[in-house]
Amino acid sequence: MKIKDFKLEEFFAIHEFSAPYLLCTSDCETFSIEELLALESDSEKELKKLRLGYTESLGSPFLRKEISYLYENIDLEDVIVFSGAEEGIFIFMNCLLEKGDHIIIQFPAYQSLYEIANSIGCEACKWMMSDKNQSWELDINFLRDNIKSNTKAIIINNPHNPTGHLISKEQFNEIIEIASEKNIHIFSDEVYRFMEYDENKRHPAMCDLYDKGISLGVMSKTFGLAGLRVGWIATKDKNLFKQIASFKNYTTICNSAPSEFLSILALKNKEFIIKRNLNIIKNNLKLLDEFFEKYKHLFDWLRPKAGSIAFPKIKFEKNIEEFCIDLLDKKGVLLMPSTKFDFGDKHFRIGFGRKNMPDALKKLEEYIQEFIK
Ligand SMILES: Cc1ncc(COP(=O)(O)O)c(C=O)c1O
């Protein structure tokens with residue numbers, strides 16, 4: 001299998017652990033093991049007693065039960081746990097898709113959501129988002145018009161990386177209607193779920209609404225626990241579930257026991273963790289609103305509706321990659337250029353889920369005052 005370089009992850013591999021100010025990460029502020037263990041008495045004692053043999057290949061039943069509580073109509077039998085969301089994407093694509101199949105993918109997108117399909121020999125049709133009216137939009141007619149007889153899946157990411165867009169409930173239901181008419185699977189990457197700024201705008205998960213719907217979740221983003229490498233798929237499609245479970249024996253077989261333990265602990269305390277991280281996001285968003293208001297002659301803000309990232313646009317005459325690299329050289333601030341999303345050269349991803357975002361933003365402002373007029 002030949003696969004193209006993962007542009008965003010390669011960029012992070014070079015800069016993420018050396019750049020002094022990370023201003024484009026998508027995960028929320030993390031926790032130490034000590035902080036997690038402090039959430040429940042006895043948990044430290046239990047962790048010390050944990051035995052480090054193989055674990056159950058679908059994931060610990062206790063963990064799968066906790067994950068099922070994130071959904072309305074899902075039970076632990078509908079949940080399979082992976083090493084990160086990334087393994088879930090890889091296995092899903094390999095189980096459902098064959099050479100010559102067609103998929104429709106909301107675009108821009110996290111690259112694995114279409115590149116794995118490409119590597120299998122599928123045709124990935126880009127369902128382009130538009131920012132023409134100063135906010136991100138998706139044209140549902142494009143989806144309707146581009147379904148083919150060999151369309152196997154619609155891939156959406158909601159809330160969305162990199163724009164922070166949230167598909168409206170009406171559009172969400174229309175997507176399901178279109179897919180169900182043609183018996184097409186919907187793979188819904190929901191790794192930023194529970195970070196909606198207005199809780200009333202949160203959708204039910206795809207797996208709760210559609211029997212050919214697959215919801216992807218993870219501990220990395222909302223919960224800030226990317227180092228656990230725990231992600232999952234929830235689906236009512238029993239046949240697909242069986243294939244996915246069987247494929248996992250060729251990737252990781254089972255999950256890390258300490259990561260499962262700590263994920264259970266975090267999910268039992270999900271209200272606390274989500275509230276802490278949403279507070280950080282909302283405080284940082286206020287600063288970003290002020291910043292982009294002050295510099296509105298230089299940027300289109302394109303305010304996000306959910307999540308810890310946004311995808312603003314520069315108005316000045318510079319290639320975005322040059323801008324990001326010069327900013328990194330001069331002030332040590334890392335932004336993600338839109339070229340890493342194959343989405344032109346005028347946008348950049350900004351991340352605001354971390355506590356030290358205000359320091360990074362100050363450095364960006366210094367750069368703008370010194371080098372962009
Ligand atoms: C939309 C989306 N899906 C999946 C992933 C992969 O998540 P993980 O690194 O936790 O496996 C990411 C990570 O950035 C993402 O943004």
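For ligands, and for the atoms within them, numbers begin at 1 and follow the listed sequence.
- Residue Y192 approaches ligand 1 through these ligand atoms, each under 4.0 Å from one of its heavy atoms: 1 (C), 14 (O), 15 (C), 16 (O).
- Considering all non-hydrogen atoms of both residues, S259 and V230 come closest at CB-CG2, 3.8 Å.
- The atoms of ligand 1 that sit less than 4.0 Å from any heavy atom of G84 are 11 (O).
- Among all protein heavy atoms, the one lying closest to atom 5 (C) of ligand 1 is Y110 CE2, 3.4 Å.
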TODO: Please assess W127 against D139 for the test side chain to side chain donor-acceptor pair (under 3.5 Å), listing each intermediate value before the final yes or no.
DONE: CA-CA 8 Å; W127 183 12; D139 176 10; over 6 Å; no
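- To the nearest 0.5 angstrom, L8 atom CG is 6.0 Å from F6 atom CZ.
- Atoms of ligand 1 found under 4.0 Å from any heavy atom of N157, numbered from 1 in the order shown, are 1 (C).
- No side-chain donor-acceptor contact under 3.5 Å links Y71 and D78.
- There is no side-chain donor-acceptor pair under 3.5 Å between H165 and N157.
- The protein heavy atom nearest to atom 4 (C) of ligand 1 is D189 OD2, 3.5 Å.
- Under 4.0 Å from ligand 1, the heavy atoms of K221 that appear belong solely to its side chain.
- Ring geometry for H203 against F172 counts as perpendicular: the plane angle is over 60°, on a 0 to 90° scale with 30° as the lower cut.
- Those atoms of ligand 1 that come under 4.0 Å of a heavy atom in E86, given as number and element, are 11 (O).
- Contact between R229 and ligand 1 is present, with at least one heavy atom of the residue lying under 4.0 Å from the ligand.
- Residue S220 touches ligand 1 through its side chain alone, judged by heavy-atom distances below 4.0 Å.
- Note on ring orientation: taking the six-membered ring where Trp is involved, the planes of F299 and F348 are perpendicular (angle over 60°, cut-offs 30° and 60°).
- Close N/O approach between E9 and ligand 1 is not found [any backbone or side-chain N/O within under 3.5 Å].
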- [ ] Determine, stepwise, if the pair S188 / E190 fulfils side chain to side chain donor-acceptor pair (under 3.5 Å).
- [x] CA-CA 6 Å; S188 181; E190 297 167 357; 2.7 Å; yes
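- Taking a cut-off of under 4.0 Å to the non-hydrogen atoms of V218, the atoms of ligand 1 that pass are 10 (O).
- Taking distance alone, with nitrogen or oxygen atoms compared against 3.5 Å, A85 approaches ligand 1 more closely than that limit.
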